[in-house]
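Note that the structure is predicted; figures quoted are calculated from it, not measured.
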Amino acid sequence: MLLPAKSEVARHLRRYRAWERAMLASPDDRRVRATFEDSGYTLCVLMGKRCAREAADAAERYLRTTLVTYLREQNAARPHVAAVARRGRPKSPGRAAERRSPAGR
């Protein structure tokens with residue numbers, strides 16, 4: 001997994017927090033809201049998260065810890081590929097089940 005430089009993450013996190021404060025101060029301003037959402041999207045892309053809040057939390061953890069510790073935390077939160085493959089693999093139906101239609105049950 002490639003991670004951005006900590007200086008970039010810190011810069012984008014500061015930008016996100018500044019626009020968050022501006023958006024909370026004037027929630028009806030469309031320009032402020034759009035810029036806030038753009039900064040959140042950028043942070044999501046940098047941190048590999050789907051939600052801006054998760055990305056901000058991940059950025060703070062990344063800046064607070066060493067690279068090795070951060071990667072260990074990320075790997076501990078993800079399920080192992082082998083476990084997912086075992087659970088997700090459908091059982092093959094027998095020949096009798098293949099001949100019957102689902103509607104005929």
Side-chain angles (χ1 to χ4, degrees):
M1 176 178 178
L2 293 175
L3 289 172
K6 285 193 173 192
S7 60
E8 282 297 304
V9 173
R11 184 169 66 90
H12 285 286
L13 183 61
R14 279 193 309 270
R15 183 174 187 262
Y16 173 79
R17 293 295 185 202
W19 283 109
E20 181 181 40
R21 286 189 299 275
M23 197 268 310
L24 291 172
S26 56
D28 295 332
D29 189 341
R30 290 183 182 191
R31 182 188 61 83
V32 171
R33 182 174 288 276
T35 308
F36 168 66
E37 289 174 359
D38 286 346
S39 67
Y41 176 77
T42 302
L43 204 55
C44 286
V45 171
L46 278 175
M47 299 310 298
K49 300 294 181 183
R50 292 183 180 195
C51 170
R53 287 183 188 206
E54 287 178 12
D57 290 342
E60 288 171 349
R61 275 193 314 275
Y62 177 56
L63 294 173
R64 197 174 47 238
T65 62
T66 65
L67 179 61
V68 173
T69 305
Y70 178 77
L71 291 174
R72 280 188 190 145
E73 288 176 1
Q74 293 301 305
N75 288 334
R78 294 185 184 150
H80 295 291
V81 176
V84 172
R86 271 195 313 270
R87 279 186 269 138
R89 186 178 304 144
K91 295 181 180 178
S92 60
R95 290 201 175 262
E98 288 178 15
R99 281 183 255 151
R100 284 188 239 142
S101 74
R105 289 184 185 179

Residues in side chain to side chain contact (heavy atoms under 4.5 Å, CB included) contact with R61, at least two apart in sequence or another chain: D57, A58, R64, Y70, E73, Q74
Which residues share a side-chain hydrogen bond (donor to acceptor under 3.5 Å, both in side chains) with T66, sequence neighbours left out: T69
Of all heavy-atom pairs between A56 and Y16, which one has the smallest distance, and what is that distance? CB-CE2, 3.9 Å
Shared ILVMFWY cluster between L63 and L3, side chains joined below 4.5 angstrom? yes
List in chain and number order the residues that pass side-chain hydrogen bond (donor to acceptor under 3.5 Å, both in side chains) with E54, two or more places apart in sequence or in another chain; answer none if no residue qualifies. none
Sorted by chain and number, sequence neighbours left out, side-chain hydrogen bond (donor to acceptor under 3.5 Å, both in side chains) with R17 holds for E20, E60
Distance check, rounded to the nearest 0.5 Å: L46 atom CG versus Y62 atom OH? 9.5 Å
CH2 (W19) and CG (L24) are apart, to the nearest 0.5 Å, by 13.0 Å
Enumerate donor-acceptor pairs with a distance under 3.5 Å from any side-chain N or O in residues 28-38 to protein atoms, sequence neighbours excluded.
unit_1	atom_1	unit_2	atom_2	d
D29	OD1	R31	N	3.1
T35	OG1	R31	O	2.8

Of all heavy-atom pairs linking A52 and G40, the shortest is CB-CA, 4.0 Å
Going by salt bridge (Lys or Arg N to Asp or Glu O under 4.0 Å), name the residues that satisfy it together with R11, two or more places apart in sequence or in a different chain. E8
Checking side-chain contact (heavy atoms from CB on, under 4.5 Å) between L43 and each of R53, R15, K49, H12, which is the one that passes? H12
